[in-house]
Engineer: 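The structure under discussion is supplied below as structure tokens; questions concerning it will follow.
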Amino acid sequence: MILNRDFYESINILEISKSLLGKKLCTNIEGNYCSGYIVETEAYKAPEDKASHAYMNKLTPRTATMFSQAGTAYVYIIYGTFHLFNIITAPEGIPHCILIRAVQPIEGVDIMIGRRGIMSPAHKLTNGPGKFSIAMGINKNLNGTDLTIPDGIWLEEGLPQCKADEIVIGPRVGMSTAGESSNWPFRFRIKDNQWTSKPDKVWYEGF
DNA sequence: TATGGGATTCGC
DNA sequence: CGAATCCCATAC
């Protein structure tokens, strides 16, 4: 079952970030189908979040996508090389977005290996936001597309909802210039999952 | 038009 | 730990 717009429209971005764990992310790029379970997310809660591109509702050509309706893909390029995939949430006009940081491959593994150009170790195939974008064929062409339509990129129901004690919460990665919001506990991972990205200081478990 | 930095990754 | 690599936002 594909996730419909209702799933993304909540104003409570932290709840959606947790609900996304275990959901199935699917891509069909030029006829190549891949899928994987989402195992790590980070919330970016503009306008008050200094770490967000849309801090203080800043509107530029790049951030315009963030003000779109819930269930829209926001893909941007970092370090000139890596395409990072985000999901727009909240009612249209509120620039909430959730960065997907890692997935656990399900289908199309051979395609992912081919795109990444590595065979082993297997968990390094998709354990980072730049890595799984390469593996699943995600690129800037998908920026602004509708995730509720099963073409290009979309989400399906996937695994049962993670229980609170199966989720690890901590500060976000790469916060060098975000001031106070650097320490916000906006990073969510499935506990003990081997496919999550690099470890970090853990603040809470079981909440 | 010119410049500086970045929600990363990989190799040394 | 440092380079790669280039888009984007900002300043001029």
Side-chain angles (χ1 to χ4, degrees), chain A residues 8 13-14 16-18 20-21 25 36 38-68 72-90 94-105 112-144 147 153 168-190 194-203:
Chain A
Y8 304 101
I13 188 173
L14 302 184
I16 303 178
S17 299
K18 287 187 273 190
L20 280 170
L21 297 175
L25 177 65
I38 293 171
V39 296
E40 180 172 344
T41 62
E42 276 183 2
Y44 287 84
K45 191 175 183 293
E48 65 267 38
D49 183 357
K50 195 174 179 186
S52 171
H53 296 154
Y55 177 54
M56 300 282 285
N57 286 323
K58 183 166 69 175
L59 180 60
T60 68
R62 181 173 66 161
T63 65
T65 304
M66 299 176 74
F67 296 84
S68 305
T72 299
Y74 172 46
V75 182
Y76 75 94
I77 297 175
I78 187 67
Y79 298 112
T81 307
F82 302 106
H83 299 246
L84 269 55
F85 170 64
N86 301 253
I87 296 170
I88 303 302
T89 66
I94 299 175
H96 287 186
C97 76
I98 299 172
L99 170 69
I100 307 304
R101 286 194 56 87
V103 305
Q104 175 178 336
M112 298 194 212
I113 289 172
R115 289 188 179 123
R116 288 274 288 135
I118 64 167
M119 287 293 288
S120 64
H123 72 272
K124 291 197 173 178
L125 199 56
T126 55
N127 64 339
K131 296 182 194 178
F132 90 80
S133 288
I134 294 171
M136 297 190 70
I138 297 170
N139 61 57
K140 222 191 138 200
N141 295 333
L142 295 172
N143 183 48
L147 296 170
I153 185 166
V168 178
I169 306 176
R172 293 172 291 185
V173 178
M175 300 289 101
S176 56
T177 60
E180 172 201 325
S181 56
S182 302
N183 297 321
W184 291 357
F186 278 17
R187 181 187 187 194
F188 304 89
R189 288 182 283 159
I190 296 180
Q194 302 305 302
W195 303 85
T196 56
S197 72
K198 63 184 174 186
D200 204 344
K201 179 184 173 188
V202 173
W203 281 11

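To find a chain, count down the sequence lines: A is the first, B the second, and so on, and within it residues start at 1.
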Engineer: Evaluate the side-chain proximity of A:Glu42 to A:Phe186: yes if any heavy-atom separation is below 4.5 Å, no if none is.
Structural biologist: no
Engineer: Mind checking ring pair (Phe, Tyr, Trp, His ring centres under 6.0 Å) for A:His83 and listing every partner two or more places apart, or none if nothing turns up?
Structural biologist: none
Engineer: If you define the side chain from C-beta out and look only at heavy atoms, does anything of A:Gln104 sit under 4.5 Å from A:Thr126?
Structural biologist: no
Engineer: Nearest-Å distance, CD (A:Glu40) to C1' (B:dT8)?
Structural biologist: 13 Å
Engineer: Looking only at the side chain of A:Lys131 (C-beta and beyond, no hydrogens), which of the listed nucleotides B:dA7, C:dA9, B:dC10 gets closest?
Structural biologist: B:dC10
Engineer: Contact class for A:Lys140 vs. all strands (heavy atom < 4.0 Å): base, sugar-phosphate, or nothing?
Structural biologist: sugar-phosphate
Engineer: Quick one: closest heavy-atom pair of A:Ser197 and A:Ala102, and the distance?
Structural biologist: N-CB, 4.0 Å
Engineer: Would you indicate whether the side-chain heavy atoms of A:Asn143 and A:Tyr74 approach each other to under 4.5 Å?
Structural biologist: yes
Engineer: Looking at every non-hydrogen atom in both residues, tell me the closest pair between A:Ser133 and A:Leu84 and how far apart they are.
Structural biologist: OG-CA, 4.4 Å
Engineer: Could you give the CG-to-P distance, from A:Asn141 to C:dC7, as a whole number of Å?
Structural biologist: 13 Å
Engineer: So, is A:Arg116 close to the B:dC10 phosphate, meaning a side-chain N or O under 4.0 Å from OP1 or OP2?
Structural biologist: yes
Engineer: Tell me which residues in residues 74-88 of chain A put a heavy atom below 4.0 Å from DNA chain B, sorted by number, or none.
Structural biologist: A:Tyr76, A:Ile78, A:Tyr79, A:Gly80, A:Phe82, A:Leu84, A:Asn86
Engineer: Can you tell me which stems involve DNA chain B, if a stem is defined as three or more consecutive Watson-Crick or G-U wobble pairs, both distances under 3.5 Å?
Structural biologist: B:1-6 with C:6-11, B:8-11 with C:1-4
Engineer: If you define the side chain from C-beta out and look only at heavy atoms, does anything of A:Leu14 sit under 4.5 Å from A:Phe188?
Structural biologist: yes
Engineer: Mapping A:Lys124 and A:Met175 to their closest nucleotides on DNA chain B, which lands nearer the 5' end?
Structural biologist: A:Met175
Engineer: Rounded to the Å, how far apart are A:Tyr55 OH and C:dC8 C1'?
Structural biologist: 20 Å
Engineer: Ignoring backbone atoms, establish whether A:Arg187 has a side-chain N or O less than 4.0 Å from OP1 or OP2 of B:dA7.
Structural biologist: no
Engineer: Return the value, rounded to whole Å, for the distance between atom CD of A:Glu42 and atom C1' of B:dT8.
Structural biologist: 12 Å
Engineer: In whole angstrom, what separates A:Lys58's NZ from B:dG6's P?
Structural biologist: 12 Å
Engineer: Between C1' on B:dA7 and CH2 on A:Trp184, what's the gap in Å once rounded to a whole number?
Structural biologist: 15 Å
Engineer: Rounded to the Å, how far apart are A:Asn139 CG and C:dC7 C1'?
Structural biologist: 15 Å
Engineer: Rounded to the nearest Å, what distance is computed from the CG atom of residue A:Asn127 to the C1' atom of nucleotide B:dT8?
Structural biologist: 12 Å
Engineer: Go through A:Asn86 and A:Ile98 one step at a time and tell me if the side chain to side chain contact (heavy atoms under 4.5 Å, CB included) criterion holds.
Structural biologist: CA-CA 5 Å; A:Asn86 301 253; A:Ile98 299 172; over 6 Å; no
Engineer: With respect to the phosphate group of C:dA9, does any side-chain polar atom (N or O) of A:Arg62 fall under 4.0 Å of OP1 or OP2?
Structural biologist: yes
Engineer: OG of A:Ser181 to CD of A:Glu48: how many Å apart, nearest 0.5 Å?
Structural biologist: 9.5 Å
Engineer: Taking only the C1' atom of each, what is the distance from B:dG5 to C:dG2 in whole angstrom?
Structural biologist: 16 Å
Engineer: Quick one: which of A:Leu142, A:Asn139, A:Val103, A:Ile138 gives a side chain to side chain contact (heavy atoms under 4.5 Å, CB included) with A:Phe85?
Structural biologist: A:Ile138
